[in-house]
Amino acid sequence: MSTFRILLITPPLTQLNTPYPATAYIKGFLSGRGYAVTQADLGLELVLRMFSAAGLKRVFAEIEQGHYELSDNARRMVRLQRSYITTIEPVIRFLQNKDTTLAPRICHSRFLPEAARFDNIADLEGAFGTMGLTDQARHLATLYLEDLGDLIKETVGPQFGFSRYAEKLALSATSFEPLYEALLAEPNLVDRMLLELLDELLERVRPDVVGFTVPFPGNLYGALRLAGRVKARFPQTQTLMGGGYPNTELRQLKEPRFFDYIDYLTLDDGEGPWLRLLEYLQAQAERQTELVEVQEVVSQAVRAQDPPALQYIPSETLRQPQHHGLVEQAKLQRTFLRNEAGEVEYVNYPHADIPHPEVGTPDYSDLLLTEYLSVIEVLNPMHRLWSDGRWNKLTIAHGCYWKRCSFCDVTLDYISRYETAPATLLVDRIEQIVRQTGQTGFHFVDEAAPPLALRDLAIELLKRRVSITWWGNIRFEKTFSPDLCRLLAAAGCIAVSGGLEVASDRLLALMEKGVTIAQVARVTDGFTQAGIMVHAYLMYGFPTQTAQETVDSLEVVRQLFGAGIVQSGYWHRFSMTAHSPVGKNPAKYNVVAIGPEPGNFAWNDLWHDDPTGADHEQFGPGLAKALYNYMHGVALQEPLQFWFDFKVPRATLPRQLVQQALQEPGKPDVAKQNLRLFWLGNSPEFCLTDNKKGQRAVLTFYEQAEDFEVKTSPAIGEWLHQLLVQLSADYDAKILLKEAAHTFPTKAAGSSFESFLASPTWLLLREKGLLLL
């Protein structure tokens with residue numbers, strides 16, 4: 001076990017309901033290598049400190065002393081401060097699921113003080129439908145917190161945001177100057193609370209290294225504020241940073257002042273670079289300790305006037321090599337640092353990456369798992385999953401198996417390097433995390449989870465009788481057959497999200513999405529029929545997208561919701577990034593990059609002109625309004641012009657486009673000879689009965705929701721019984737349909753296997769859970 005003490009910090013703010021997994025991943029990996037690691041989510045801890053009775057008293061006191069120019073809304077809240085201070089801790093306990101009996105008071109009495117976020121509550125009540133009392137109360141409590149967040153942002157913490165803390169300072173920040181000025185300014189109340197939490201943590205851990213994960217722009221300011229405090233209090237402590245924001249935005253970093261706060265910035269997966277860094281830093285620390293000890297011996301000898309004592313010290317120890325550190329520093333991996341000349345240097349020795357199966361199991365052990373808040377911000381079903389409930393986050397594979405989409409950062413390592421882990425190892429990790437956290441909910445955070453890896457994972461979960469609830473991102477590709485969807489549902493899948501993007505076949509081909517509208521319709525229908533919620537990522541403003549194509553895309557979305565095969569969605573405006581195929585070669589997509597020019601700091605989001613496309617910006621409000629109503633089954637028959645306050649073209653697509661795609665017949669089972677048989681049910685009981693027509697075989701199935709019988713001839717019944725018993729007892733038995741055909745009793749049954757595949761007996765079993773995968 002290393003004596004090096006490592007502290008990993010998630011700075012404010014990511015999510016309130018569950019920890020961001022980066023520190024848990026690094027802790028799991030480094031702990032397995034013998035390092036002593038502590039982790040903390042200071043975003044959560046900041047919220048808990050601020051949104052307490054003591055915290056709000058400090059907020060209101062500072063507002064009153066600060067002579068702020070208050071809006072009418074803020075002035076009202078200050079007048080109601082006693083109500084806020086009285087209610088805040090009960091509300092936090094309620095959102096932590098520690099006191100759910102508060103729900104009736106929140107919903108049916110004037111318990112919560114109300115400000116601007118409650119203005120549209122009458123409209124929202126209709127959207128809840130038959131949602132339970134607790135859910136309604138959670139949504140109201142979330143509005144209450146957001147009101148307080150608005151007050152803080154208007155007064156004592158101008159950069160505050162529950163998920164976008166000081167985000168504007170980091171967005172498209174080609175210059176470090178605005179961020180640097182903000183960091184040099186006197187800390188505001190929010191900053192001071194954050195720094196107080198850090199001081200307590202530093203006193204408790206006394207770390208040699210403090211590492212920060214910065215997944216989003218809204219984490220950067222907090223991370224640098226905290227790093228500056230570490231440097232001020234413990235100058236010898238080394239500060240490290242990694243995460244999604246540096247990986248995309250800081251790949252061309254040249255700003256030396258950044259390293260006043262952070263000693264080392266690593267790119268892409270952290271396991272390899274941090275392992276090299278820690279080995280280097282520990283060697284440096286040990287060398288420094290040796291030199292201090294030698295200097296003490298020399299000093300004692302000089303003070304004692306005993307020069308002969310010096311002969312027992314090796315001469316190479318007395319001489320400190322001038323380049324001792326530089327040789328090792330050159331072996332660092334994917335690491336920015338400031339060299340002795342004061343310039344930013346990127347060191348990337350070609351070490352092999354840590355393989356995905358060797359990154360270890362995320363370790364959530366010292367995070368405050370019972371303190372997270374389950375909030376309901378908006379009434380979007382998928383966003384509800386994102387913000388409500390504690391989800392263990394895990395990746396099935398590293399990178400993206402498709403990695404062709406032209407709008408995506410496919411040139412970066414986190415997408416381009418695709419590696420899988422065996423299903424057995426994944427389920428080992430799942431079981432370990434469940435034991436550690438006591439939570440069985442999982443969010444698989446892959447860019448796009450591979451369908452075959454999901455299939456193997458589902459089978460392994462069923463084989464081991466591991467019961468979890470999970471959801472994740474996919475591509476709407478044809479490999480997700482109705483049978484595979486049913487398998488995933490049986491293994492605990494409750495929702496998937498995938499990119500429909502522009503919902504135009506021309507543009508889908510241009511962005512190399514690898515799907516068509518008809519294919520998306522059939523795949524989403526398969527998930528829906530299996531009881532799995534479907535969320536569609538939608539995009540508008542892709543290069544060359546015309547007004548006609550935008551309206552046609554909305555028509556496709558209308559039909560998907562009208563058919564009930566997509567239940568949730570969200571429109572994103574296309575953004576051109578430096579690491580995407582569009583950003584790398586804008587001329588190919590008929591757009592022109594118009595800035596910003598690369599600076600010394602961040603560079604990723606690019607401004608562009610789309611001379612042949614529509615005026616994309618004007619479509620945004622109408623698209624969002626239409627989608628919100630479609631999600632709630634409202635106005636699905638209204639003409640598309642209804643959603644826009646300017647003239648738009650009529651849709652050119654057939655109004656039955658999606659229905660026609662759903663009615664296209666799939667392959668018959670006889671054409672699926674190379675697929676594997678899988679039985680979701682239990683072993684049936686078998687018996688023979690006599691009737692006037694002779695002997696009949698009866699297979700009786702006892703299942704969760706119902707019991708049912710299959711009656712057939714004795715030969716077929718005996719064959720079926722043997723097959724289903726084997727399938728239900730041995731999940732490793734990979735029996736292909738064509739292999740089952742070889743054992744089918746054709747002569748005794750008096751019919752061919754092909755005929756049997758069209759029989760009522762076979763079709764009933766297929767309906768009840770006999771899958772072809």
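These figures come from a predicted structure and were not determined experimentally.
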Item checked: Residue pair Thr437 / Leu367, side-chain heavy-atom distance below 4.5 Å -> no
Next item on the list: On the 0 to 90° scale, with breaks at 30° and 60°, tag the Tyr630-Phe561 ring pair as parallel, tilted or perpendicular.
Entry: tilted
Note to self: Quick one, Asp428 with Arg464, criterion salt bridge (charged side-chain N to carboxylate O under 4.0 Å, His left out). Give me CA distance, side-chain angles, the key distance, then yes/no.
What the structure shows: CA-CA 10 Å; Asp428 287 345; Arg464 295 201 207 175; 2.8 Å; yes
Next item on the list: Using distance alone, with no hydrogens and no angle criterion, decide if Arg558 and Asn629 have a side-chain donor and acceptor under 3.5 Å apart.
Entry: no
Margin query: If we count only N and O atoms by modelled type, under 3.5 Å, do the side chains of Thr134 and Thr100 hold a donor and an acceptor together?
Written below: no
Next item on the list: Taking atom types as modelled, find out whether His535 and Ser568 have a side-chain donor-acceptor pair closer than 3.5 angstrom.
Entry: yes
Notebook entry, point to check: Does atom OH of Tyr418 have more than 12 heavy-atom neighbours, drawn from other residues, nucleotides or ligands, at distances under 6.0 Å?
Noted result: yes
Notebook entry, point to check: Crowded around Gln722 CD? As in, over 12 foreign heavy atoms under 6.0 Å?
Noted result: no
Notebook entry, point to check: Among side-chain atoms of Gln559 and Glu555, is any donor-acceptor pair under 3.5 angstrom?
Noted result: yes
Checklist line | Pair Asp483 + Arg455: basic N to acidic O under 4.0 Å | finding: no
Next item on the list: Determine whether Asp269 and Val359 make a side-chain contact, defined as any pair of heavy atoms from C-beta on separated by less than 4.5 Å.
Entry: no
Notebook entry, point to check: Just wondering, do Thr746 and Phe756 contact through their side chains at under 4.5 Å, heavy atoms?
Noted result: no
Check: Would you say the side-chain atoms of Arg475 and Asn473 include a donor-acceptor pair closer than 3.5 Å?
Finding: no
Item checked: Charged tip of Lys393 within 45° of Trp386 ring normal and under 6.0 Å -> yes
Margin query: Both conditions, 6.0 Å and 45 degrees, for the charged tip of Lys768 above the ring of Phe708: are they met here?
Written below: yes
Margin query: A side-chain contact here means heavy atoms from C-beta on lying under 4.5 Å apart; do Asn97 and Arg138 qualify?
Written below: yes
Next item on the list: May I ask you to decide if Ile376's main-chain N or O and His139's side chain share a donor-acceptor pair within less than 3.5 Å?
Entry: yes
Check: Is there a donor in the side chain of Thr652 and an acceptor in the side chain of Asp552, or the other way round, less than 3.5 Å apart?
Finding: yes
Check: When you measure from the side chain of Glu703 to the backbone N and O of Asn682, does any donor-acceptor pair fall under 3.5 Å?
Finding: yes
Notebook entry, point to check: Has the side chain of Arg486 got a donor or acceptor atom that lies under 3.5 Å from a matching backbone atom of Glu767?
Noted result: yes
Check: Would a 4.5 Å heavy-atom cut-off, applied to side chains only, mark Leu369 and Gln439 as touching?
Finding: no
Check: Do Pro104 and Leu133 have side chains that get closer than 4.5 Å, going by heavy atoms?
Finding: yes
Item checked: Test item: Trp391 side-chain N/O and Leu385 main-chain N/O as donor-acceptor pair under 3.5 Å -> yes
Next item on the list: Check side chain to side chain contact (heavy atoms under 4.5 Å, CB included) between Gln567 and all other residues, then give those that pass, not counting sequence neighbours.
Entry: Thr528, Met533, Val534
Margin query: Looking at Lys711, I'd like to know if its NZ atom is crowded, meaning that more than 12 non-hydrogen atoms belonging to other residues, nucleotides or ligands lie closer than 6.0 Å.
Written below: no
Check: Is there a side-chain contact between Tyr702 and Glu685 (heavy atoms, below 4.5 Å)?
Finding: yes
Notebook entry, point to check: With a 4.0 Å cut-off, would you call Arg676 and Glu739 a salt bridge?
Noted result: no
Notebook entry, point to check: Within the distance-only criterion (no hydrogens, no angle test), does the side chain of Thr440 pair as donor or acceptor with the backbone N or O of Ile468 below 3.5 angstrom?
Noted result: no
Next item on the list: Apply ring-ring contact (aromatic ring centres under 6.0 Å, His included) to Phe527 and list each qualifying residue two or more places apart in sequence or on a separate chain.
Entry: Phe480
Item checked: Smallest separation among heavy atoms of Cys400 and Glu447, with atom names -> CB-CB, 4.2 Å
Notebook entry, point to check: Hey, are Arg522 and Asp525 close enough for a salt bridge, meaning a charged N less than 4.0 Å from a carboxylate O?
Noted result: no
Margin query: Given Leu500, which partner from the list Val520, Val566, Val515 fulfils the side-chain contact (heavy atoms from CB on, under 4.5 Å) test?
Written below: Val520
Checklist line | Under 3.5 Å: donor-acceptor pair, side chain of Asn392, backbone of Phe442 | finding: no
Notebook entry, point to check: Are the side chains of Leu623 and Leu554 in touch, meaning some heavy atoms are under 4.5 Å apart?
Noted result: yes
